[in-house]
Number of protein chains: 2
Amino acid sequence: MKQDDRNRSVRLLWEPDAQVTREPKGALSRARVVEAAIKVADAEGIGALTMRRVAETLGFTTMSLYRHVPGKSELLDLMVDAVWGETEHTPRGPWRAGLEFYARQMWSMYRAHPWLLQLTNARRMPGPNAMTRQDAAFAAVSELGLKPEEIVAVVTTVGQFVAGVGRTMADRILAERETGVSEEDWWNDRDELWGHFTPERLPMMTHIWTTGGYERPLDEFEFGLARVLDGLEVFISSEDRPLVRRKTCL
Amino acid sequence: MKQDDRNRSVRLLWEPDAQVTREPKGALSRARVVEAAIKVADAEGIGALTMRRVAETLGFTTMSLYRHVPGKSELLDLMVDAVWGETEHTPRGPWRAGLEFYARQMWSMYRAHPWLLQLTNARRMPGPNAMTRQDAAFAAVSELGLKPEEIVAVVTTVGQFVAGVGRTMADRILAERETGVSEEDWWNDRDELWGHFTPERLPMMTHIWTTGGYERPLDEFEFGLARVLDGLEVFISSEDRPLVRRKTCL
DNA sequence: AAGCAGAGTGTACGTTGTACACGGCACTAG
DNA sequence: CTAGTGCCGTGTACAACGTACACTCTGCTT
């Protein structure tokens, strides 16, 4: 019965104090559990986030956590929304500054909590903090007279790009934290690989390599963000905006 | 000793026939294991990809797989590169058509094998197929006289965007396949959520909702790709290209 | 005929999420 | 003051995971 309550996460996120009739009595609390879980995930990634590990850092037994959180899945929902609540909302326009602010806020959130990008976003219960931030991002471009579906598309494009670069960065950071081995050491250990990068097989890559293109790379986030915003500017300032409707489901 | 061979994956991917001195004798083979694993992951995602499950679909015992593949991690490396080998390379310029082709190829690869985006890319051994495709993508923009680090940045920007949208799509598809519950049904089960979306709390979102912005959404991939390419065009055709160097590590 | 290498099997272990039954505490009703 | 009624934290137990390790069986080489 309790297991089948599909709206449990909804209430957990959106009505935080509904079921708290008295002040917390025990030493443990939902907030403490969530906080400890975030700390573990920050330090070692989602892979190291186990109920036993969280309990251990709190000095309680594993099962004590289940008094405050229905299960691991709901704990993740709470962690995600707690993180969305850490930063301030996107201010209203001018649109380009607003979108850039939105992008940089997410970027720094992903840097601080790289495990966010290890999680599926599909079917995760959105919490009030995440939704409020999303709403503010929409508001940043509301002055442009875009069609509602265009507002969504513009903000989403920025979000998808930041998630894309973010994922790469997050995976790198977490791999380093989790294993304790630096990126450089790891690749140096696999020295046999580079012998296979021959000019016949990979002409462009060896050319880029020998001309130093990999030694002084451009900042992926800064470069890409500027391009994406430029592209959106082209769209926004164009007279008749092309409409690209979704043809198929999914 | 065997455990500590950091170059095992390198040889596995880049010298596939080095250790095969005779023709395969047994009924099982590395290729058959990889193929079966891809089929399982396609159907139910990485979460369902277990050694037991793969062996089961092949009609062998779990441990028989270890005769042909050193471990699960290396099996994943082989699966990834096998998938990169399924599609053709990006043809050489004109640059915009080439980048668009590259983006669409990755997009369809992600559609066919959504589990690709559930995997970390960090510290995954690159295989010959992936690297050849990457090289071809670089070649597509080689005519523009870009600096080597700019070539990398341009191609990477497209890749990051496609990975971003792709992840969202992949997670949705896989959630549906894994659980057998459609996206719509899942959200309908959580009906209490929508009551919390009030105009006071989320003015823009409710406005977009009531004006139908969510009912006829634009295609995220098509819309975003056009914007990203537009943005790159602005960069490419600008006289003095701004250089954005990476300031800090990671 | 001897023996060896490689394919496939079976058992066993440590780690995961969590169901379930239990003990101790604090408050409230009589 | 005593009995009762929940909540807090504990302990044990189980199924599923990757895989180490010790086998059996087969077929080729000498």
Roughly how many Å is it from CD in Glu74(B) to C1' in dG18(D), rounded to a whole number?
12 Å
Which class fits the ring pair Tyr214(A) and Trp209(A): parallel under 30°, tilted 30 to 60°, perpendicular over 60°?
tilted
Distance in angstrom units between Glu44(B) CD and dC17(D) C1', rounded:
16 Å
Would you say the ring centers of Trp14(B) and Phe197(A) fall short of 6.0 Å from each other?
yes
State whether His68(A) places a side-chain N or O below 4.0 Å from either non-bridging phosphate oxygen (OP1 or OP2) of dG9(D).
yes
One should read off an interatomic distance between Met169(B) CE and Leu117(B) CG, to the nearest 0.5 angstrom, of 6.5 Å
Compare the minimum distances between each of dG11(D), dG8(C), dC8(D) and the side chain of Thr61(A), then state the nucleotide with the smallest one.
dG11(D)
Please tell me which of Met63(A) and Phe60(B) maps to the more 5' nucleotide of DNA chain C, matching each residue to the nucleotide holding its nearest heavy atom.
Phe60(B)
Could Arg104(A) and Glu222(A) be called an ion pair, given the rule that one side-chain N must be under 4.0 Å from one carboxylate O?
yes
Identify, with sequence neighbours excluded, every residue that meets ring-ring contact (aromatic ring centres under 6.0 Å, His included) alongside Trp107(A).
Phe221(A)
Under a 3.5 Å cutoff, is there a donor and acceptor pairing between the side chains of Thr179(B) and Arg123(A)?
yes
Here the distance between atom P of dC17(D) and atom CZ of Arg53(B), to the nearest Å, is 10 Å
For Arg190(A), the salt bridge (Lys or Arg N to Asp or Glu O under 4.0 Å) test, sequence neighbours excluded, returns none
Nearest-nucleotide pick for Leu28(A), side chain only, options being dG9(D), dC21(D), dT12(D)
dG9(D)
Let's see if you can work this out: which of dT11(C), dG9(D), dA7(C) has an atom nearest to the side-chain heavy atoms of Ser64(A)?
dG9(D)
List in numerical order all residues of residues 33-40 of chain B for which some heavy atom is under 4.0 Å away from an atom belonging to DNA chain D.
none
Please report the distance, rounded to the nearest Å, between CG in Leu58(B) and C1' in dA7(C).
14 Å
Under the side chain to side chain contact (heavy atoms under 4.5 Å, CB included) rule, collect the residues that match up with Glu88(A), sequence neighbours excluded.
Phe101(A), Gln105(A)
To the nearest angstrom, the CG-C1' distance between Leu75(A) and dT18(C) comes to 14 Å
Expected rows: protein N/O vs nucleotides 15-17 of chain C N/O, under 3.5 Å:
{"unit_1": "dG17(C)", "atom_1": "OP1", "unit_2": "Met51(A)", "atom_2": "N", "d": "3.4"}
{"unit_1": "dG17(C)", "atom_1": "OP1", "unit_2": "Lys72(A)", "atom_2": "NZ", "d": "2.9"}
{"unit_1": "dG17(C)", "atom_1": "OP2", "unit_2": "Met51(A)", "atom_2": "N", "d": "3.2"}
{"unit_1": "dG17(C)", "atom_1": "N7", "unit_2": "Arg52(A)", "atom_2": "NH2", "d": "2.7"}
{"unit_1": "dG17(C)", "atom_1": "O6", "unit_2": "Arg52(A)", "atom_2": "NH2", "d": "2.9"}

Pairs where residues 50-67 of chain B contributes a residue and the test salt bridge (charged side-chain N to carboxylate O under 4.0 Å, His left out) is met, not counting sequence neighbours:
Glu44(B)-Arg53(B)
Whole Å only: how far is the CZ atom of Arg67(B) from the C1' atom of dA22(D)?
11 Å
